[in-house]
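Here you go, one structure.
Everything numeric here is computed off the predicted structure, so don't read it as measured data. Below, chain A is the first sequence line, B the second, and so on; all start at residue 1.
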There are 2 protein chains.
Amino acid sequence: MEYPSASMTQSEENYLKGIYHLSHAGRASVSTNAIAAHMETKPSSVTDMLKRLSDKDLVDYQPYKGVTLTSGGTAQALRVIRKHRLWEVFLVEKLDFSWDEVHEVAEQLEHIASEKLIDRLDALLDYPDFDPHGDPIPDKEGHFKTREKRLLSTLQPGEKGVCIGVKDSSSPFLRFLDKNGIALGTRIAVLEKEEFDDSMAIQMGEQQLQISHQIATNLYIKPIT
Amino acid sequence: MEYPSASMTQSEENYLKGIYHLSHAGRASVSTNAIAAHMETKPSSVTDMLKRLSDKDLVDYQPYKGVTLTSGGTAQALRVIRKHRLWEVFLVEKLDFSWDEVHEVAEQLEHIASEKLIDRLDALLDYPDFDPHGDPIPDKEGHFKTREKRLLSTLQPGEKGVCIGVKDSSSPFLRFLDKNGIALGTRIAVLEKEEFDDSMAIQMGEQQLQISHQIATNLYIKPIT
DNA sequence: ACATATTTTTAGATTTGTCTAAATTTATTT
DNA sequence: AAATAAATTTAGACAAATCTAAAAATATGT
């Protein structure tokens, strides 16, 4: 049984979210330094926070051994991630933000505390399963849809698929995609693969494009047969 | 010329907003105790904050003499108020919140810092001039529309008008109005005034209602002839 | 396995925002 | 105008969140 979410500070929420992302699914133990790097803060600050989170039973923390999220901590992290991603959908769908602009604002909006607000937002957006970068949106219970996804770089010439997400969601990368007409839902067919530098020629609609390996390893594709 | 808004903490924003409301239009000087009462905090905390705001040139503060907002402080307060009221409209219009539920959430949303977000929200809502309680929404330059407004209690039998706002916006009062079918835009005609307790009989559509003086002194009406 | 390097924690300081209790200033009363 | 009351400020403390510098624990290399 889940406890009603105790009040948390924004900083605590950010740490839980960070730890969640680093441990990928709440499994593996995460190191102090890894957290510090990810949060752009100092290891000593991380240690302080880990103690606080441990006192609140949100993480299992053993000095020098790293941390894992408790079930309560995981639930909280997923709540924040849910809010973040729903707000991103809102910003893109309702306020015409581009997908490279949403993150910073969503970082703030994700801390707004109102269950009703999020439920209603979810409804307004018609219960989306994925955010504008293709990442899954957890439901109220923390469950989310998965779908077959492969990096574009793993497709062979002749295979095709539809773009469903990005691995790198930095602004330069997203702006590059925009500029070249690649968005979520874009259908891509692989024409050729260059052995020399692993770049590939792809077809999108009637447009053809040569993309580097760097690009191809950061685009998620759902294969279609 | 206006400076680009320096970064402010939520607490600073709340104080500026509080001082603005207490000084009604940025004119009169406001006392430490009045601020403490309004913000539900202690006078000593207020003194601390006033010094900080004074250092940032957001208020004119003279010990023992009270404060007034500087032009910069007024501009900041109006920016926060603009955001608060736009979010209230959003919550009511797009997420079906009732007018007694919006305040608490808007108190949080008003601190989200993104000019683009607010501009786009304004557009999504079709540039509203008034919030769900009838209060005017400042534009980007801090200007807002005014309109003739009188307390219902000042109307004489035979006069009529349309409800355009509330003075008290506490939940119990707003829920009372909801329950009795009084909303913004409701047309009200005064039938009779009871000398004894200043209660009045009013007509709304085909419905008749007896309301206390207490109610009548908290409802703003735009008279119609 | 021992020395060195890396990681992590502790100790102590800082900032923001708050508080209580005491001191000070201003206002009121007789 | 002196005494009392009220309002305001100061002084000192505390919690959250961060930092730097130093100490302690763990890991690595030969």
Query raised in the report: Separation of B/Y64 atom OH from D/dT8 atom C1', in whole Å?
Result: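 Atom OH in B/Y64 sits about 5 Å away from atom C1' in D/dT8.
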
Requested in this report: Take the protein atom CD of B/E12 and the nucleotide atom P of C/dT15, then report the distance between them rounded to whole Å.
Outcome: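 Going from B/E12 (CD) to C/dT15 (P), I get 15 Å.
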
Query raised in the report: In whole Å, what is the span from the CD atom of B/Q10 to the P atom of C/dT18?
Result: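 For the pair B/Q10 CD and C/dT18 P, the rounded distance is 11 Å.
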
Query - Sugar-phosphate, base or nothing in reach of B/T32, heavy atoms under 4.0 Å - result: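 Sugar-phosphate contact only - B/T32 comes under 4.0 Å of backbone atoms but never of a base.
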
Requested in this report: Could you tell me the separation between the CG atom of A/L53 and the P atom of C/dT9, rounded to a whole number of Å?
Outcome: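 Atom-to-atom, A/L53 to C/dT9, this comes out as 13 Å.
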
Requested in this report: Would you indicate what B/P63 reaches in the nucleic acid, counting non-hydrogen atoms under 4.0 angstrom: base, sugar-phosphate, or nothing?
Outcome: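 Sugar-phosphate contact only.
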
Query - Protein-nucleotide distance (B/D48, atom CG; D/dG12, atom P), rounded to Å - result: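 Rounded to the whole Å, the gap is 14 Å.
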
Report task. Measure up the A/W87 and A/F90 rings against each other and bin them: parallel (under 30°), tilted (30 to 60°), perpendicular (over 60°). Result ->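 Correct class here is perpendicular.
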
Query raised in the report: On DNA chain D, nearest-nucleotide positions of A/M49 versus B/V46: which is more 5'?
Result: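 Whichever sits nearer the 5' end wins; that is B/V46.
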
Report task. Answer with base, sugar-phosphate or nothing: what part of the nucleic acid does A/T47 contact at a heavy-atom distance below 4.0 Å? Result ->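 Base contact - A/T47 has a heavy atom under 4.0 Å of at least one base atom.
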
Query - Value in whole Å for how far the C1' atom of D/dT18 lies from CD1 of A/I35 - result: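 After rounding, the reported distance stands at 16 Å.
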
Requested in this report: Ignoring backbone atoms, test whether A/T41 places a side-chain nitrogen or oxygen under 4.0 Å from the OP1 or OP2 oxygen of D/dC19.
Outcome: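 A/T41 to D/dC19 OP1/OP2: side-chain N or O found under 4.0 Å.
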
Query raised in the report: Does a nitrogen or oxygen in the side chain of B/N33 sit under 4.0 Å from OP1 or OP2 of D/dA6?
Result: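 No, no such contact exists.
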
Query raised in the report: B/K51 has an atom NZ; how far is it from atom P of D/dT8, in whole Å?
Result: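 After rounding, the reported distance stands at 14 Å.
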
**Report entry** Whole-Å distance separating the NE2 atom of B/H111 from the P atom of C/dG17
**Finding:**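 Whole-Å distance recorded here is 12 Å.
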
Query raised in the report: Between the base of C/dT8 and the side chain of A/S44, is there any donor-acceptor pair under 3.5 Å?
Result: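 Checked by distance alone, the answer is no.
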
Query raised in the report: Under 4.5 Å between any side-chain heavy atoms of A/H143 and A/L78, yes or no?
Result: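 The answer is no; the side chains never approach within 4.5 Å.
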
Requested in this report: Verify side-chain hydrogen bond (donor to acceptor under 3.5 Å, both in side chains) between B/D168 and B/S170, making sure each step is shown before the conclusion.
Outcome: CA-CA 6 Å; B/D168 173 9; B/S170 68; 3.1 Å; yes

Query raised in the report: Between A/S45 and D/dC19, does any side-chain N or O lie under 4.0 Å from OP1 or OP2?
Result: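 Yes, because at least one side-chain N or O of A/S45 sits under 4.0 Å from OP1 or OP2 of D/dC19.
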
Query raised in the report: Going by the angle between their ring planes, with limits at 30° and 60°, are B/H103 and B/H84 parallel, tilted or perpendicular?
Result: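 Plane angle between 30° and 60°, so tilted.
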
Query raised in the report: Phosphate oxygens OP1/OP2 of D/dA16: is one of them under 4.0 Å from a side-chain N or O of A/R52?
Result: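 No, outside the criterion.
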
**Report entry** Axial cation check for A/Y15 ring with A/R52, 6.0 Å and 45° limits
**Finding:**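 Because its charged atom misses either the 6.0 Å distance or the 45° angle limit, A/R52 does not stack over A/Y15.
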
